[in-house]
Each structure stands twice: as C-alpha cells, then as structure tokens.
A.B. asks: 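A single structure is presented below for examination.
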Amino acid sequence: DQQVKQNSPSLSVQEGRISILNCDYTNSMFDYFLWYKKYPAEGPTFLISISSIKDKNEDGRFTVFLNKSAKHLSLHIVPSQPGDSAVYFCAASVAQKLVFGQGTRLTINP
Amino acid sequence: SAVISQKPSRDICQRGTSLTIQCQVDSQVTMMFWYRQQPGQSLTLIATANQGSEATYESGFVIDKFPISRPNLTFSTLTVSNMSPEDSSIYLCSVFAGTSAYEQYFGPGTRLTVT
C-alpha cells in the first residue's frame, strides 16, 4: 500500500521557467510534509516543509502548497536553475516517522 | 542542521556474509533512523534507534537480519546479516535537526552491492 505517491517519474523544464512537482497521499493522519532533493551518491537534502495545518510555505525560490481536501501537495521552483536537476522526494510524517514517495527526476534544460 | 557521516561509503560483499555500517553525528541526538533505498525505489524506514533502549523495527524488518546498536547519543551501527543479492541497496541514517521537530537530515549513505 503506497501511502505517498509521486506519479511522474521524470520532469523536464527549461531554465528560468517554473518547475512543479506533485505528490499525493492517502493517510489523513500525516501531520507534516517535507520535500527532499537527492543528487547521485549523496544522501537526501532537506528543502522545505509544511505543517498539515497550513496551505502554503515559501522559502526563496521554493514554495510548497498543500491541499488537504484533495490529499495533494506540490513543490514549485521559480525560476528553475541548472543546479536544480536532481531527484525530488516528497515525504509525509506520522508519529515522527517519514514515508517517502518514489521520487521525480527533474531535469533543467539550458 | 547536523553533520552526519557514514562508513563505509560503499562496499561489495559476498552472499552469506555480514556488513556493519557506522553512522556518526556531530551533535547529541535522541533518535536515529535507518533507511534503505533499493535500486530505483523510494526510501523505506528500517528501524528507529534510541540510546539506551532496543531499536524499534518497521514491518518487514527483523532484528536478526538488521541488528542495530546505539551505544551513545552521537553514534549508531546497522549490521546487514547473512546477505543476499536482494540486500543490495543504499543504506542511510538520519536524525532530527533543523528548526522543526519533523525535519530529518540524512547521512551520505552506504552503497552496498552483494554478489
């Protein structure tokens, strides 16, 4: 049972444009959501998070939106830069344990 | 944030042997987590290790296969026992750090290949 799903395995975006990564979840007990970026041969790097009681959190070029009724969250990156090319994982927290999605490989094209 | 190191960074092991992975954190933490990322898959939590108590394992993971030690507040080890090719994965440790109680920070991972 996949509680956290990222349905797009890959996404290609032109440099300077907006990147939108999506994530769906099924467990209404999740109380916190996080996004991680992962480069090859490195551990995941924390990007941004959002509490389940909020609907938006912004940090520089990164904004996370949460739609609880739809059990959906998204990560917006504006403007996209070549260094943003990586695999992005969304994760959801319940009882301080993280459940991860499958990841989306983002490629930023010059 | 926390600085987390893992040893070894990678290893190639033979079927039937065991490997112990070390995780060192630059600050004292109560909880440490061990994850596995199988090829092309997501990260899956193996167990939670608290200092001074037995590790808590997630469904599908057992202590005999993945014994964990937590001798102090900055260090933990995960052993992958009696390895098979299906154990080929990246193994990562993580700790809570950052501004909220929910943000986990990860070590660089140990890439294990079992032949």
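Quick note: numbers below take in every heavy atom, side chains included, and nothing from hydrogens, waters or symmetry partners. Residue numbering restarts at 1 for every chain, and letters A, B, ... go by the order of the sequence lines.
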A.B. asks: Please flag which part of Thr48(B) lies under 4.5 Å from any non-hydrogen atom of chain A: side chain, backbone, both or neither.
C.D. replies: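 The side chain, not the backbone.
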A.B. asks: In terms of hydrophobic clusters joined by side-chain contacts under 4.5 Å, are Val25(B) and Met31(B) together?
C.D. replies: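 The answer is yes; both residues are in one hydrophobic cluster.
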A.B. asks: Does Leu112(B) share a hydrophobic cluster with Phe61(B), counting links as ILVMFWY side-chain heavy atoms below 4.5 Å and allowing steps through other members?
C.D. replies: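 Result: yes, single cluster for both.
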A.B. asks: Side chain, backbone, both or neither: which part of Gln6(B) has a heavy atom under 4.5 Å from chain A?
C.D. replies: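 Neither part, no heavy atoms under 4.5 Å.
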A.B. asks: Compare all side-chain heavy atoms of Leu98(A) with those of Tyr35(B) and state whether any distance is below 4.5 angstrom.
C.D. replies: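 Sidechains of Tyr35(B) and Leu98(A): in contact.
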A.B. asks: Just checking Ile18(A): does its CD1 atom have more than 12 heavy atoms from other residues, nucleotides or ligands closer to it than 6.0 angstrom?
C.D. replies: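 Yes - once you tally the heavy atoms of other residues, nucleotides and ligands closer than 6.0 Å, there are more than 12.
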A.B. asks: Where the side chain of Tyr102(B) meets the backbone of Asp31(A), is there a donor-acceptor pair that is under 3.5 Å apart?
C.D. replies: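 Checking the backbone N and O of Asp31(A) against the side chain of Tyr102(B), no donor-acceptor pair under 3.5 Å is found.
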A.B. asks: If Ile, Leu, Val, Met, Phe, Trp and Tyr residues are connected whenever their side-chain heavy atoms lie under 4.5 Å apart, and connections chain through other members, are Ile48(A) and Tyr88(A) in the same group?
C.D. replies: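 Ile48(A) and Tyr88(A): one cluster.
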A.B. asks: Counting C-beta onward and ignoring hydrogens, is there a side-chain heavy-atom pair between Pro44(A) and Leu92(B) closer than 4.5 Å?
C.D. replies: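 Pro44(A) reaches Leu92(B) side chain to side chain.
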A.B. asks: I'd like to know whether CD of Glu42(A) has more than 12 heavy-atom contacts from other residues, nucleotides or ligands below 6.0 angstrom.
C.D. replies: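 Count over threshold, so yes.
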A.B. asks: To the nearest 0.5 Å, what is the distance between CD (Gln104(B)) and OG (Ser49(A))?
C.D. replies: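 That separation rounds to 12.0 Å.
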A.B. asks: Is chain A contacted by the side chain of Leu43(B), its backbone, both, or neither, given a heavy-atom distance below 4.5 Å?
C.D. replies: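 Leu43(B) touches chain A through backbone and side-chain heavy atoms alike.
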A.B. asks: Verify the cluster assignment for Phe66(B) and Phe75(B): are they in a single hydrophobic cluster under the rule of side-chain heavy atoms below 4.5 Å apart?
C.D. replies: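 As far as the 4.5 Å side-chain criterion goes, Phe75(B) and Phe66(B) are not connected within one cluster.
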A.B. asks: Say you draw a straight line from NZ of Lys38(A) to CZ of Phe106(B); how long is it, rounded to the nearest 0.5 Å?
C.D. replies: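 Lys38(A) atom NZ to Phe106(B) atom CZ measures 10.5 Å (nearest 0.5 Å).
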A.B. asks: Quick one: does Gln37(B)'s side chain get under 4.5 Å of Phe100(A)'s, heavy atoms only?
C.D. replies: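 Not in contact.
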A.B. asks: Does any backbone or side-chain atom of Ala41(A) lie under 4.5 Å from a heavy atom of chain B? Answer side chain, backbone, both or neither.
C.D. replies: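 Only the backbone of Ala41(A) comes within 4.5 Å of chain B.
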A.B. asks: Based on non-hydrogen pairs under 4.5 Å, which of Arg10(B), Glu58(B), Arg111(B) is most in contact with chain A?
C.D. replies: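 When all of Arg10(B), Glu58(B), Arg111(B) are compared, Glu58(B) has the most.
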A.B. asks: Looking at Lys65(B), I'd like to know if its NZ atom is crowded, meaning that more than 12 non-hydrogen atoms belonging to other residues, nucleotides or ligands lie closer than 6.0 Å.
C.D. replies: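 Correct, the count exceeds 12.
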A.B. asks: Under 4.5 Å between side-chain heavy atoms, hopping through other hydrophobics if needed: is there a path connecting Trp34(B) to Ile90(B)?
C.D. replies: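 Different clusters: Trp34(B) never reaches Ile90(B) through Ile, Leu, Val, Met, Phe, Trp or Tyr contacts under 4.5 Å.
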A.B. asks: Looking only at non-hydrogen atoms, find the nearest pair between Tyr36(A) and Glu103(B) and report the distance.
C.D. replies: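 The pair with the smallest heavy-atom distance is OH-C, 4.4 Å.
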